[in-house]
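Written out below as structure tokens is the structure these notes cover.
Order of listing sets the numbers, starting from 1, for every ligand and every atom in it.
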Amino acid sequence: MNEMTPPNTERAAALKGLGSSRKRVEDARFTQGKGNYVDDIKMPGMLFGDFVRSPYAHARITSINADKAKALPGVIAVLTAADLAPLNLHWMPTLAGDVQMVLADGKVLFQGQEVAFVVAENRYIAADAVELVEVDYEELPVVVDPFAAEAPDAPVLREDLAGKTEGAHGPRRHHNHIFTWEQGDRDATEKVLGSADVVAEEMVYYHRTHPCPLETCGCVASMDKVNGKLTVWGTFQAPHAVRTVASLISGIAEHNIRIVSPDIGGGFGNKVGVYPGYICAIVASIVTGVPVKWVEDRMENLMATAFARDYWMKGRISATRDGKITGLSCHVTADHGAFDACADPTKFPAGFFNICTGSYDIPVAHLAVDGVYTNKAPGGVAYRCSFRVTEAAYFIERMIEVLAIKLGMDAAELRRKNFIRKDQFPYHSALGWEYDSGDYHTAWDKALKAVDYDGLRREQVQRIENFKAGKTRKLLGIGLTHFTEIVGAGPVKNCDILGLGMFDSCEIRIHPTGSAIARLGTISQGQGHATTFAQILASEIGIPADDITVEEGDTDTAPYGLGTYGSRSTPVAGAATAMAGRKIRAKAQMIAAYLLEVHDDDVEWDVDRFAVKGAPERFKTMKEIAFAAYNQAIPGLEPGLEAVSYYDPPNMTYPFGAYICVMEIDVDTGEHEIRQFYALDDCGTRINPMIIEGQIHGGATEGYAIAMGQEIAYDDMGNVKTGTLMDFFLPTAWETPHYTTDFTVTPSPHHPIGAKGVGESPNVGSVPAFSNAVHDAFRAFGLTQTHMPHDHWRIWKTAYELGLHG
Ligand code: CDP
């Protein structure tokens, strides 16, 4: 080897590729106020839109009078459904195969529903004009309880569906029923449950909550009437899908639409769907010929834009007397609100809820999900989870605890006894998935050891004795969870959104001087894609990550992709990136061989170069190869060094984790203290350990919020009780617990670099860990099940109902 050449370990480290805790390249601009968010976009002559929203949850609209609003100086227009109807834009399709009013068409179905769109010279005038629009409502009976919605005499909510007995997902059996989705073997499951030694039964409710990203939803629509081109900058988690939908709805040819997602201040599923604000801003820009901005405020975001969860999950789980699980049945009543606007792949009306057998080898199972309409905001988005996986994980992790109580068994031991074994992978679950890989026992044992589980249980026994003896008023809860995620939607054969197959893409251009630009079909909302995707490429093509620009979010330049949500970026676009990198390397090999005057097969890859086999001192670096690609005429090869890959994954990836929460609970005040939170994650090959840790901290904090206080609550009249950040719990640094992170590595066998997603895991895993800790604290006093969120009041009430207040 040439003496001047550093060893390949040093060269590999200099690339900052896979496994490097490379600092986030995005942060320089974010920490210096140089981010470019939708509301930063200011254009000459730009107008502002604002909504008149319904104060009622269910009412008929008898009249709308916008005369006073229109007379206000600075008001340009007031749009109502009557204005949109001639364009056939007063209703729009939802991602779930339903339709949704863009502006109230004759009636309103939830509080905060969009009734009219005021366009004015600035935001303040628009807000004043909203107050001047006079709407007459005739109140109708309100339904907020999904079980009451299915009563025979329940009010008809969706009059537009009158007489429709077929929905997008099969037969509708009632006027407020949306679909029934069944998976698994009902008869076989009933047979097992009917003859089992032990059956535990429970209703597990995962309450309605909201992703509540720091930045609310918004857009700027700009119709260039001269060139016929519509540009929309927006908070879009799936910009290409938005372009296609916008083209189908508006009739504008797709090449004449440019969708740009600039910097996005958190998405968490909230920014996947299409909202009335986008349509109204586009229509207003087309009508006025100038750009129109719409940015919702916090209350609008919480009250009207895409909620999450609201699943009532009735479970039955059976086992032998010594704790071997034999069967599982689950029936879900899913409250979808006024329109079915769930963001799920077309064939999965309850998302991937059928991962609800969790990490356990359950021989037979049956799942039925009934979707129903109520007078609540539409949505049902995947709030930092892969399409209802967090509901599934919460369900099974609660059912395991309930079964442990019924069996009188330690819940950690019950889990260990029923885990899918390492040698069973690839594992076919009773509800239809093929788990690609896993090693649950190793992870579990590592986690239990790390927290000294046996010691904690001994401490808990002592604490209970002390409590009973009146020496303490604090209980100790140990919350266990072992979750299995399913991320990376998805194989095109299984997964599409509105008919668009869920592949993803990466296009790479190597510049003559050896730096590069990679463009992807995904869009980061804080996950650090510009940092980590460059790392994948650095390892694949031997160019330092610092010399690779990653660009996403502009449909005029990025290759078509289905966007970022459900931790699909790494499993799908990350794979596309590796595959495109390999195409670059294959061409680079031919160029290197030509330059070294040897046969293609006589050179081999060495970190950042191709060297002649057996003569490592004869090599060409990627930098030299890149230059040659642009300045040498190489026989049989086109000039340039570019590649594109559209990747259709053969399967999802199945990350997993073992989370343990140790919680102190004060029975007199209902207050809690998180003493310890241990999170072990296995996301296969780790691209950037520092970013992974950040993902875990963020997701676990969201999980903490959900489990311990965050909810979208309604009163009986359909009023949102938690529509501001005074009532909706968003943890600050003060409340956020300390986390200890850990990992095991079980690479995905089908992903080109073995990586699985990770962004959703901490939300999925932490919610049951926090909730199980609350339940576990009260287990010795007879508690089997209570509902989240476990705020101080509810914990206090639980203690009271168990007679612990003396
Ligand atoms: O789709 P989304 O970006 O939300 O989720 P993800 O694919 O789980 O990735 C979240 C962040 O973690 C990205 O920056 C990934 O590159 C990074 N990651 C990683 O470093 N190693 C993994 N095995 C998985 C994700």
Side-chain angles (χ1 to χ4, degrees), residues 16-27 211 213 237-238 261 264 266-272 343 381-387 389-390 436-437 485-490 502 504 506 518 520-539 545 548 550 552-553 561-578 647 649 652-657 681-699 702 741 743-748 751-765:
K16 298 189 198 161
L18 289 184
S20 154
S21 281
R22 179 182 187 225
K23 281 195 180 155
R24 288 166 44 104
V25 295
E26 297 89 344
D27 288 352
Q237 287 183 240
S261 297
I264 295 182
F268 315 118
N270 192 225
K271 294 168 179 169
V272 174
V381 295
Y383 172 6
R384 205 170 186 153
C385 81
S386 190
F387 313 115
V389 174
T390 189
D436 66 347
S437 57
E485 259 262 69
I486 169 172
V487 300
M502 296 183 77
D504 230 289
C506 174
L520 289 90
T522 42
I523 173 72
S524 192
Q525 309 121 39
Q527 296 94 327
H529 290 178
T531 307
T532 52
F533 287 130
Q535 292 183 245
I536 298 177
L537 269 185
S539 291
I548 302 170
V550 172
E552 300 173 304
L562 268 285
T564 293
Y565 39 87
S567 269
R568 65 184 298 279
S569 303
T570 304
V572 194
T577 304
Y647 189 79
M652 314 263 186
T653 66
Y654 294 75
F656 59 92
D681 275 272
D682 192 320
C683 57
T685 304
R686 291 154 57 85
I687 301 163
N688 183 323
M690 183 197 68
I691 286 204
I692 292 172
E693 192 169 15
Q695 294 285 307
I696 307 297
H697 284 203
E702 285 177 328
T741 56
F743 64 96
T744 53
V745 176
T746 312
S748 166
H751 188 281
I753 60 164
K756 305 175 179 182
V758 78
E760 325 293 341
S761 295
N763 194 315
V764 170

Query raised in the report: Within a strict 4.5 Å, meaning less than it, do heavy atoms of the Thr570 and Val758 side chains meet?
Result: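 Result no, sub-4.5 Å side-chain heavy-atom pair not found.
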Suppose I only count heavy atoms of [X] and a 4.0 Å limit; which atoms of ligand 1 are within that range?
{"X": "Thr564", "answer": "1 (O), 2 (P), 3 (O), 4 (O)"}
{"X": "Ile692", "answer": "19 (C), 20 (O), 21 (N)"}
{"X": "Arg568", "answer": "1 (O)"}
{"X": "Gly757", "answer": "8 (O)"}
{"X": "Thr532", "answer": "13 (C), 14 (O), 15 (C), 16 (O)"}

Query raised in the report: Do Ser261 and Lys271 have a side chain donor and acceptor closer than 3.5 Å?
Result: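 No.
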**Report entry** Donor-acceptor pair between Thr531 and Glu26 side chains, under 3.5 angstrom
**Finding:**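 Result is yes, a qualifying pair exists.
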**Report entry** Approximate separation, where rounding is to 0.5 Å, of Ile523 CD1 and Thr564 OG1
**Finding:**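 One finds 7.0 Å between CD1 of Ile523 and OG1 of Thr564.
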Query raised in the report: When rounded to the nearest 0.5 angstrom, what is the spacing between CG in Asn763 and CZ in Phe268?
Result: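 So the gap between those two atoms works out to 9.5 Å.
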Minimum-distance protein heavy atom relative to [atom]:
{"atom": "atom 24 (C) of ligand 1", "value": "Lys756 O, 3.1 Å"}
{"atom": "atom 23 (N) of ligand 1", "value": "Thr685 O, 2.7 Å"}
{"atom": "atom 2 (P) of ligand 1", "value": "Ser569 OG, 3.5 Å"}
{"atom": "atom 17 (C) of ligand 1", "value": "Ile691 CG2, 4.0 Å"}

Going by heavy-atom distance to [atom], choose the closest among [options].
{"atom": "atom 14 (O) of ligand 1", "options": "His529, Gln525, Gln237, Gln527", "result": "Gln527"}
{"atom": "atom 15 (C) of ligand 1", "options": "Val572, Thr570, Asp504", "result": "Thr570"}
{"atom": "atom 20 (O) of ligand 1", "options": "Asn688, Val758, Thr531", "result": "Asn688"}

Query raised in the report: Does the pair Val487 and Val389 meet the rule for a side chain to side chain contact (heavy atoms under 4.5 Å, CB included), with working shown?
Result: CA-CA 9 Å; Val487 300; Val389 174; over 6 Å; no
Query raised in the report: Got an N/O contact under 3.5 Å between Cys683 and ligand 1?
Result: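 Indeed, backbone or side chain, Cys683 has an N or O that close.
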Query raised in the report: For ligand 1, is there an N or O atom under 3.5 Å from any N or O atom of Ser567?
Result: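 So ligand 1 has an N or O lying under 3.5 Å from an N or O of Ser567.
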Query - Criterion side-chain hydrogen bond (donor to acceptor under 3.5 Å, both in side chains) against Asn688, the qualifying member of Arg22, Gln695, Gln535 - result: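 Considering Arg22, Gln695, Gln535, a side-chain hydrogen bond (donor to acceptor under 3.5 Å, both in side chains) with Asn688 is found only for Gln535.
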Query raised in the report: Does Arg568 reach the main-chain N or O of Ala489 with its side chain, forming a donor-acceptor pair under 3.5 Å?
Result: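 A pair under 3.5 Å: yes.
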Query raised in the report: Parallel, tilted or perpendicular: which describes the rings of Tyr647 and His751, with under 30° parallel and over 60° perpendicular?
Result: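 Rings of Tyr647 and His751: tilted, as their planes differ by 30° to 60°.
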Query raised in the report: Which part of Ile687 is near ligand 1, with near meaning a heavy atom under 4.0 Å away: side chain, backbone, both or neither?
Result: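 The answer is both.
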